[in-house]
Chemist: 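The structure's right below; bear with me while I get my questions together.
As a basis for the values below, the full set of heavy atoms in this structure was taken, side chains included, without hydrogen atoms, waters or symmetry mates. Letters go in sequence order (proteins before strands), and every chain restarts at 1.
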Amino acid sequence: MADFQSPKGTRDFYPDQMALRRHVENIWRKASVDCGFDEIEGPTFEHLSLFTAKSGPGIVSELFSFRRAGGSDDYALRPEFTPTLARMAAARAGTLSVPTKWFAIPLHFRAERPQRGRLREFVQWNVDLLGSEGAAADCDVIACAALALERLGLKPTDVRFRLAHRGASAAVLTAAGVAGEHIGEAFELLDRRDKLSPEEFQTRAVKLGLDDAAQKRFAAIAGTKLPVSASMNDVAASLGVGADVLAPLAELSEKLNSLGLSDWCQWDFGIVRGLAYYTGTVFEVHECAGKERAIAGGGRYDGLVELFGGPKMPAIGFGMGDVVLGLVLADKGLLPKDGGQLLPRPDVFLISDGSDAAEKTLPKLVMQIRRAGLHARHSWKATKNVGKLLSDAGKCRARSALILGAEMAEGAVAIKDLDGGGQRVVPLEEVVATLLAMTGANTSTVSKHD
RNA sequence: GCGGUCGUAGCUCAGUAGGUAGAGCAUCGGGUUGUGAUCCUGAGGGUCGCGGGUUCAAAUCCCGUCGAUCGCCCCA
């Protein structure tokens with residue numbers, strides 16, 4: 001056992017785990033690009049004030065913040081990407097096209113107590129659309145998230161987008177008897193309903209000025225989950241409001257239906273999220289059976305860019321972390337148990353029989369093959385046992401083996417197709433061309449997500 | 001920040017009337033039969049998470065600490 005342990009809440013990524021991580025990241029990236037988002041990145045650490053500007057001074061205890069020895073500036077490792085995004089958008093606000101569609105796949109750091117689905121260092125996919133209001137923009141980012149989840153192998157029966165709209169929810173609460181000045185507290189109560197005892201819930205409901213009947217309506221609203229394909233009249237009726245106050249939902253519903261996303265989504269009036277920030281649509285992605293924490297969360301935050309010194313610019317986005325997603329995927333059997341299955345396969349594995357001619361030729365041949373753009377490996381073992389060496393080739397899942405043996409006398413080598421099993425003798429000078437022809441056939445059918 | 005459970009080789013784990021550690025797999029090597037393999041054989045690798053205490057003697061008992069895990073707080 002080594003003397004050092006990794007810091008609390010961090011992970012070491014050995015090749016197998018790294019392959020799994022890249023698998024997910026590659027699908028995120030491809031989905032983003034396919035949906036028309038451009039990748040950006042910012043610094044891993046920012047001025048501490050950038051984060052307190054958004055989240056208040058209370059956030060500091062949740063951050064890894066630091067000051068350079070001898071310096072006087074306070075920094076913090078980024079706990080989220082949104083402030084960086086907003087800073088970057090504000091700095092170029094005048095020249096950004098509308099809408100601006102950006103995504104990032106950065107590492108984040110939070111000084112929290114690690115738990116299932118929550119670590120101190122994690123990767124979070126961020127997708128944001130700036131400069132455009134309305135349901136079409138909201139649904140554009142939701143569609144991007146859904147596309148990635150679908151490509152990861154998840155189905156609408158596995159995960160669900162739970163959507164709500166701040167404006168619509170506020171109207172519903174008002175209709176239920178919550179006074180205007182208590183809407184904020186009502187959202188908070190909605191958010192925390194599952195964590196409070198019935199007594200505590202009632203105490204707080206009374207403080208909001210709700211009588212018994214209103215409390216019942218409030219609890220009913222919090223538990224309301226309906227398909228987004230339901231008619232607005234039905235939704236309105238079940239919430240006890242007129243259909244007109246649900247206009248924002250009607251727009252969302254129409255767009256989601258036309259994008260073929262209805263199966264992935266449902267209305268959930270218990271969804272509130274980040275009390276201070278969101279201004280319109282809010283959503284979370286959860287495992288359908290309610291296991292695990294939220295896979296992703298996001299919403300509309302129209303005051304965002306302005307908060308960081310830019311012009312007023314509407315914004316909608318979401319974040320999806322790798323930790324909970326990984327748990328859900330593993331639980332559904334959508335990640336190989338052995339991450340090694342996702343490591344890049346060598347196009348060829350070179351084996352020498354140990355003769356002088358073979359030993360001399362092998363390194364030259366390896367370099368020649370690599371220069372041609374192929375993935376070539378060779379054994380580092382001392383054994384001359386061809387069987388053991390072929391076993392090596394099989395372990396790293398090489399597509400073919402190139403055996404430098406007796407055929408060297410005629411200036412030729414044996415190439416064995418490790419997938420098909422066939423073997424043929426090829427003159428040395430034709431090796432590269434032969435391998436290119438073999439792998440050309442392979443790569444054309446395999447590179448789905450590159 | 002607060003509680004429950006846990007910590008022996010890279011992995012899965014054995015190892016209690018306390019007597020300074022073992023197996024399988026994996027890794028590395030040798031041999032045999034020229035082809036992903038079989039068989040034979042050898043090696044490396046752990047101050048039992050770390051630090052104290054009790055004891056002639058601690059992987060084992062006690063305390064602390066660090067980490068993992070589950071829950072509470074929080075969750076951008």
Side-chain angles (χ1 to χ4, degrees), chain A residues 1-12 14-16 50-56 58-63 76 78-86 108-120 122 124 126 188 191-192 194-197 272-278 282 284 292-294 296-299 301 304 307 317-321 323-324 327 337-338 340 349 351-355 358 379-407 413-425:
Chain A
M1 192 64 66
D3 291 338
F4 295 107
Q5 296 176 326
S6 61
K8 182 196 297 192
T10 63
R11 293 167 289 178
D12 292 329
Y14 289 93
D16 285 11
L50 186 78
F51 301 120
T52 53
K54 173 173 180 244
S55 307
I59 194 69
V60 175
S61 65
E62 309 282 325
L63 300 177
R78 61 185 172 203
E80 59 168 327
F81 192 68
T82 304
T84 299
L85 169 100
H108 297 292
F109 311 85
R110 297 180 184 177
E112 293 178 297
R113 179 84 182 254
Q115 284 173 49
R116 183 175 177 83
R118 196 168 77 175
L119 297 174
R120 290 185 153 196
F122 57 95
Q124 190 182 73
N126 289 262
E188 189 179 348
D191 194 32
R192 297 174 50 79
D194 291 333
K195 295 179 177 160
L196 299 175
S197 64
V272 178
R273 297 194 54 76
L275 300 168
Y277 318 125
Y278 292 103
V282 288
E284 291 179 357
E292 314 299 349
R293 299 162 183 281
Y301 186 8
L304 178 66
L307 182 60
F318 70 85
M320 182 184 297
V323 182
V324 175
L327 290 170
K337 264 209 145 50
D338 172 12
F349 191 96
I351 289 170
S352 150
D353 70 351
S355 67
S379 179
W380 291 79
K381 280 187 165 67
T383 182
K384 308 302 177 255
N385 183 325
V386 175
K388 284 181 184 171
L389 294 172
L390 276 171
S391 153
D392 251 14
K395 271 176 207 154
C396 65
R397 296 158 47 258
R399 298 181 195 280
S400 66
L402 198 153
I403 304 166
L404 287 74
E407 300 84 353
V413 297
I415 297 180
K416 184 183 176 76
D417 179 343
L418 291 173
D419 287 336
Q423 179 168 330
R424 56 180 152 158
V425 176

Chemist: Is a side-chain donor or acceptor of Arg78(A) paired with a backbone partner of Pro83(A) at a separation under 3.5 angstrom?
Modeler: no

Chemist: Starting the side chain at C-beta, find the nucleotide from A76(B), U33(B), G36(B) nearest to Asn385(A).
Modeler: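 Of the options given, the side chain of Asn385(A) lies nearest U33(B).
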
Chemist: Measure from CZ on Phe318(A) to C1' on A76(B) and round the result to the nearest Å.
Modeler: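 Those two atoms, CZ and C1', are 16 Å apart.
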
Chemist: Mind checking if Asn126(A) touches a base, just sugar-phosphate, or nothing, with heavy atoms under 4.0 Å?
Modeler: nothing

Chemist: Between Phe349(A) and Cys396(A), what is the shortest heavy-atom contact and its length?
Modeler: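 Taking every non-hydrogen atom into account, CD1-SG, 3.6 Å.
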
Chemist: Return whichever of Gly387(A) or Pro7(A) has its heavy-atom-nearest nucleotide of RNA chain B closer to the 5' end.
Modeler: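 With Gly387(A) and Pro7(A) compared, the 5'-side residue is Gly387(A).
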
Chemist: Quick one: pull up OG1 in Thr84(A) and CZ in Phe51(A) and give me the separation to the nearest 0.5 Å.
Modeler: 5.0 Å

Chemist: Roughly how many Å is it from CZ in Phe109(A) to C1' in C75(B), rounded to a whole number?
Modeler: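 To the nearest whole Å, that distance equals 18 Å.
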
Chemist: Ile403(A) has a side chain; which of U35(B), A76(B), U33(B) sits nearest to it?
Modeler: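 Shortest atom-to-atom distance from the side chain points to U35(B).
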
Chemist: When we call it a touch if two heavy atoms are under 4.0 Å apart, what does Ala401(A) touch: a base, just sugar-phosphate, or nothing?
Modeler: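 Nothing, no heavy atom under 4.0 Å.
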
Chemist: Given the structure, check if the side chain of Lys388(A) and the base of G34(B) hold any donor-acceptor pair shorter than 3.5 Å.
Modeler: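 Flag unset: no donor-acceptor pair detected.
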
Chemist: Of the non-hydrogen atoms in Glu80(A) and His108(A), which two are nearest, and what is the gap between them?
Modeler: C-CE1, 3.3 Å

Chemist: Which string of ( ) [ ] | and . matches RNA chain B, if you list each base 5' to 3' and count Watson-Crick or G-U pairs only when both distances are under 3.5 Å?
Modeler: (((((((..((((........)))).(((((.(...).))))).....(((((.......))))))))))))....

Chemist: Quantified in whole Å, what is the C1' atom distance between nucleotide A58(B) and nucleotide G53(B)?
Modeler: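 After rounding to an integer number of Å, I get 11 Å for this pair.
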
Chemist: If you assign each of Glu407(A) and Leu63(A) to its closest nucleotide in RNA chain B, which residue comes earlier from the 5' end?
Modeler: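 The residue closer to the strand's 5' end, by nearest nucleotide, is Glu407(A).
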
Chemist: Can you give me the N/O atom pairs linking the protein to nucleotides 70-74 of chain B at distances under 3.5 Å, or say none if there are none?
Modeler:
from: C70(B); atom 1: OP1; to: Arg116(A); atom 2: NH1; distance (Å): 3.4
from: C70(B); atom 1: OP2; to: Arg116(A); atom 2: N; distance (Å): 2.7
from: C72(B); atom 1: N4; to: Gln115(A); atom 2: NE2; distance (Å): 3.3
from: C73(B); atom 1: N4; to: Gln115(A); atom 2: NE2; distance (Å): 2.6
from: C73(B); atom 1: N4; to: Arg118(A); atom 2: NH2; distance (Å): 3.2
from: C74(B); atom 1: OP1; to: Arg192(A); atom 2: NH1; distance (Å): 3.2
from: C74(B); atom 1: OP2; to: Arg192(A); atom 2: NH1; distance (Å): 2.9
from: C74(B); atom 1: O2; to: Arg118(A); atom 2: NH1; distance (Å): 2.5
from: C74(B); atom 1: O2; to: Arg118(A); atom 2: NH2; distance (Å): 3.2
from: C74(B); atom 1: N3; to: Arg118(A); atom 2: NH1; distance (Å): 3.0

Chemist: With rounding to whole Å, what would you report as the distance between A21(B) and C63(B) at their C1' atoms?
Modeler: 25 Å

Chemist: What is the distance from CZ of Arg120(A) to P of C66(B), rounded to the nearest Å?
Modeler: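 Answer to the nearest Å: 11 Å.
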
Chemist: Any heavy-atom pair between the side chains of Ile403(A) and Asp353(A) that's under 4.5 Å?
Modeler: no

Chemist: Just by distance, do the side chain of Asp16(A) and the backbone of Tyr14(A) share a donor-acceptor pair under 3.5 Å?
Modeler: no

Chemist: Please give the distance between the C1' atoms of C50(B) and C66(B) as a whole number of Å.
Modeler: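 Approximately 7 Å lies between the C1' atom of C50(B) and that of C66(B).
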
Chemist: Return the value, rounded to whole Å, for the distance between atom CD of Gln423(A) and atom P of G34(B).
Modeler: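 One finds 15 Å between P of G34(B) and CD of Gln423(A), rounded.
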
Chemist: Between the base of A76(B) and the side chain of Arg273(A), is one N or O donor paired with an acceptor at under 3.5 angstrom?
Modeler: no

Chemist: So which nucleotide from G36(B), G67(B), A76(B) ends up closest to the side chain of Lys8(A)?
Modeler: G67(B)

Chemist: Is the side chain of Arg110(A) donor-acceptor paired with the backbone N or O of Leu119(A) at a distance under 3.5 Å, no angle test?
Modeler: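 Not confirmed, Arg110(A) side chain does not pair with Leu119(A) backbone.
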
Chemist: Could you measure between the two P atoms, the one in G22(B) and the one in U54(B), and give it in whole Å?
Modeler: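 Approximately 29 Å lies between the P atom of G22(B) and that of U54(B).
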
Chemist: Provide the distance between the two P atoms, one in U12(B) and one in G49(B), to the nearest whole Å.
Modeler: 15 Å

Chemist: With a non-hydrogen cut-off below 4.0 angstrom, is Thr383(A) in contact with a base, only sugar-phosphate, or nothing?
Modeler: sugar-phosphate

Chemist: Which atom pair, heavy atoms only, marks the closest approach of Val323(A) to Arg118(A)?
Modeler: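 Where Val323(A) meets Arg118(A) most closely, the heavy atoms are CG1-N, 4.0 Å.
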
Chemist: Counting side-chain heavy atoms from C-beta on, which of G30(B), G36(B), U38(B) comes nearest to Lys416(A)?
Modeler: G36(B)

Chemist: I'd like the C1' distance from C61(B) over to G24(B), given in whole Å.
Modeler: 31 Å

Chemist: Could you give the distance separating C13(B) and C6(B) at their P atoms, to the nearest angstrom?
Modeler: 15 Å

Chemist: How close or far is atom C1' of C75(B) from atom CD1 of Ile59(A), stated in whole angstroms?
Modeler: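 Rounding to the nearest Å, CD1 of Ile59(A) and C1' of C75(B) are 9 Å apart.
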
Chemist: Would you say Val272(A) and Val282(A) make side-chain contact, with heavy atoms under 4.5 Å?
Modeler: no

Chemist: Could you tell me the separation between the CG atom of Asp16(A) and the P atom of A26(B), rounded to a whole number of Å?
Modeler: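 Result: 15 Å.
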
Chemist: Before giving the answer on side chain to side chain contact (heavy atoms under 4.5 Å, CB included), spell out for Tyr301(A) and Leu307(A) the whole-Å C-alpha distance, their side-chain angles and the decisive distance to 0.1 Å.
Modeler: CA-CA 10 Å; Tyr301(A) 186 8; Leu307(A) 182 60; 3.4 Å; yes

Chemist: Give me the distance, rounded to whole Å, that separates G10(B) from U16(B) when you measure between the P atoms they each carry.
Modeler: 22 Å

Chemist: Classify the nucleic acid contact of Gly9(A) as base, sugar-phosphate or nothing, counting any heavy atom under 4.0 Å across all strands shown.
Modeler: sugar-phosphate

Chemist: Without decimals, in angstroms, what is the distance between Leu402(A) CG and G36(B) P?
Modeler: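 These atoms are roughly 17 Å apart.
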
Chemist: Report the C-alpha distance between Glu292(A) and Arg116(A) in whole Å, list the side-chain angles of each, state the deciding distance to 0.1 Å, and finish with yes or no for side chain to side chain contact (heavy atoms under 4.5 Å, CB included).
Modeler: CA-CA 8 Å; Glu292(A) 314 299 349; Arg116(A) 183 175 177 83; 2.8 Å; yes

Chemist: Take atom CD of Glu80(A) and atom P of A76(B), then tell me their distance rounded to the nearest Å.
Modeler: 9 Å

Chemist: Hey, does the side chain of Ser55(A) come within less than 4.0 Å of A76(B)'s phosphate (OP1/OP2), counting only N and O?
Modeler: no

Chemist: Take Glu62(A) and Ser55(A), measure what side chain to side chain contact (heavy atoms under 4.5 Å, CB included) needs, and give me the verdict at the end.
Modeler: CA-CA 11 Å; Glu62(A) 309 282 325; Ser55(A) 307; over 6 Å; no

